[in-house]
Amino acid sequence: MDLSLLNDRQREAVKTTEGPLLVLAGAGSGKTRVLTHRIAYLIQENGVAPWNILALTFTNKAAGEMRERVGNLLGAGVNDMWVMTFHSCCARILRSEIEQLGYERTFVIYDDADQQSLLKKIIRDLNLNDKIFTPRDLSGKISEAKNQSLDALSYLRDGYAQKEVVAVFQAYQRQLKQCNALDFDDLLLFVLQLFERFPEVLEKYRKKFHYILVDEYQDTNLVQYHIVHKLASLHRNICVVGDDDQSIYGWRGADIRNILEFEKDFPGASVIRLEQNYRSTEVILNAANIVISNNRSRKKKELWTQQKGGEPIDVYEAMDERDEANRIANRILEGARYGDRRYDDYAILYRTHVQSRVIEMYLQSYDIPYRVYGGLSFFQRAEVKDIVAYLRLLQNSADDVAFLRIINVPRRGIGDSSVDALQAFASARTQPLLHAIMQLQDGDIAKAAREKFSAFAEMLSDVYMQFGVKSFPDVVEYLLGVIGYDAYLQADRKENYEARADIVKEFVGYIREFTEAMDETKVDVLSAFLENVALFSATDQMDDQNGRVSMMTLHSAKGLEFPVVFLCGLEDGLFPSMQSAYDPEKLEEERRLCYVGITRARQKLYLSHAKQRMLYGKITPAMPSRFLTELEEALPESSKPAPKPTQLKTAPPQQAFGISMHALKTGTQQSAIRHEASKPEMKPVEHDVSYTPGQRVRHKAFGEGTVLAVNGGGASSIVEIAFDNGANKKFAAAFAPIEVL
């Protein structure tokens, strides 16, 4: 078999076939190539039967890619191998063996929606308070127990849960058994139970799998660890591939000790380090090595590359989140419109989704196409769309689409049949739904439904009247209080309550910012605001032959790579998060997350932090992240130049990586880091132009048109334009890419 394309360490990992093997595969070091070549080598050179090999990974995409690449190497025999996810492997075993646990082989697998429906029924049957014990919260606790191999009684005995939770847990398992159903956690847990209770079953699969390979071993939880350990205990030909420096899923059950203690679990294990990186430049890898070296719980390794030197890392101190976002947009424009970059060369990474809102606003204002991964665009999130729907209905009482979205958000006990009856009543009279409520009489629809509809209409009327006495942002907060939106999030979506509540706070903060920039009456502000949000939604649908900028959280970025990466929000309390400040284990996971972010970049890395940042509606001062500080502290004192408040100069790429705290504070530059303090950039379309009715203009998304009206002045003006394509739009001038012809 031809192994000439592999480096020395990769070849060693492929050819070390006997006994336990730990392959520490650094970021971008070609671990998938090693896994696939190892499988092919076992079959072609060692004569191992394909059905005696088990290869496990975590996603169907990864398993499919592995099968395809092994197939390309072998040409045949792939279908006989067990190359699959942990859950698929366990489901296949259970189809043959589950009768020994009292289930039938025709068991069904409940997905999330099935699980939630069953838990709702159990909550009702047990007469529990559904505001305290929600299906989502209970399913999370049950999953937590199963991931620790705990049954209901053990969960109670170990002090993990309340009696009510245990009662639900027990009832839930009884109902699953009655329905001959398993949830996803059961697939793993039941296989472990089979192996523990029926030694002959374990022996059968021990003998079947002579060689076991596990990808992303740092992401395994306790149950997966025990399954793998039991299967490998006979032949001991187990190869696990992973990177402890990329273990970032502890919050969902992954246990980094599995990879750190592999040599204790399998005495005599060989350890091979894949440290040659094929992705990033030397400058970027040096930064990654410096940051991660501060972790104590890790297997030491140093990434290196043959791509010597590289573009300097750019560290930017912004005045605030707007300055940070504006600079990101400017750098993308410089490369994509005036350089040789494509939009899809760029990725913007952040610690939490709420950071995306301001960045999206600036990308939109510059007409830069983008897409949000691992979550919806800020303005497409359910919480934002709920609030916008209320505002739309307050502005336009005939907006039936908005009405139907919010009539039962939060829940008001209005069933589908009642909504259908109201729609029939309104349709017969060709009236909007909200108007039709005002016309309802006794006998038109059920009395209880009529009273609920009337209460909804009266609530909206009360909120509308607040526009005369409160500011626009205060009206929004009043609305959220009246409808009890926060309680609704806690009761119905408790699994993500904190994240969803943060989105609401961030959106209210955005409304305050928008209002402060306006010089109009309160109702006009509402109209302008809704036009602005509608524009964001419209341009979300735009396509571009030159691709789109990628936006995502750092967790979503694992496994991806981009030529240019912006890693923003590097401030203590944000990244690393406030929750990790006093927990050494969590802080080390945050540092691994930073390492993951840095190693996503192939050619150019931008790091940024702000002096102050508005999050969740509050402006707070911010300090640079300790991860930035660690870059400076990792250098020997002799390599730090004396402070020089001089003009920035770019160092030759072959110099050693370095950054000084003076550079962080004053803007001087050292070695392969370029630090820039806040300075004027291209402003977001605040033109020195007076728009006047009759002017011909061009908009990037909607084409050419004629100005119909201008309300206000300067950056806060609202421009109404009739476009040649028939569209009639209003824009907040400060955020619209409008060109005067």
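Small disclaimer: the values here were computed from a predicted structure and weren't measured. Numbers here simply count residues along the sequence, with the first being 1.
Taking 4.0 Å as the cut-off between side-chain N and carboxylate O, R105 and E97 do not count as a salt-bridged pair. Between E65 and K61, none of the side-chain N atoms (NZ, or NE/NH1/NH2) sits under 4.0 Å from a carboxylate O, so this pair counts as no salt bridge.
For L260, the side chain to side chain contact (heavy atoms under 4.5 Å, CB included) criterion is met by D244, I256, S297, K299, not counting sequence neighbours. Taking the ring pair (Phe, Tyr, Trp, His ring centres under 6.0 Å) definition, one finds that Y595 meets it with nothing, sequence neighbours left out. Taking F86 as the reference, F58 meet the ring pair (Phe, Tyr, Trp, His ring centres under 6.0 Å) condition, with sequence neighbours excluded. Residues that satisfy the side chain to side chain donor-acceptor pair (under 3.5 Å) test with D255, not counting sequence neighbours, are R257. The ring pair (Phe, Tyr, Trp, His ring centres under 6.0 Å) check on F507 picks up F529, with sequence neighbours excluded.
Proximity of a side-chain donor or acceptor of D583 to a complementary backbone N or O of K586 within less than 3.5 Å is detected.
In this structure, K141 is not positioned above the aromatic face of F169 in the sense of NZ or CZ being under 6.0 Å from the six-membered ring centre and within 45° of the axis.
Counting heavy atoms of neighbouring residues, nucleotides and ligands inside a 6.0 Å radius, atom NZ of K207 does not exceed 12 of them. The environment of E196 atom CD is dense: over 12 non-hydrogen atoms of other residues, nucleotides or ligands sit within 6.0 angstrom.
If you take CD on Q246 and CD on Q218, they are separated by 6.5 Å, rounding to the nearest 0.5 Å. The distance from the CG atom of L176 to the CG atom of L182 is 7.0 Å, given to the nearest 0.5 Å.
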Please test K31 against E216 for salt bridge (Lys or Arg N to Asp or Glu O under 4.0 Å), starting from the C-alpha separation and ending with a verdict. CA-CA 9 Å; K31 70 178 179 62; E216 304 286 9; 3.4 Å; yes
If you apply the rule salt bridge (Lys or Arg N to Asp or Glu O under 4.0 Å), what do you find for D183 with K146, and how did you get there? CA-CA 11 Å; D183 63 24; K146 291 182 177 182; 2.8 Å; yes
Would you give me the side-chain donor-acceptor pairs under 3.5 Å for residues 224-231, sequence neighbours excluded?
unit_1 : atom_1 : unit_2 : atom_2 : d
Q224   : OE1    : N221   : N      : 2.8
Y225   : OH     : D265   : OD1    : 3.0
Y225   : OH     : D265   : OD2    : 3.2

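Nearest approach of L119 to I142, heavy atoms of both residues: CD2-CD1, 4.1 Å. In plain terms, the two heavy atoms of Y103 and Q173 that are nearest each other are OH-O, 4.5 Å.
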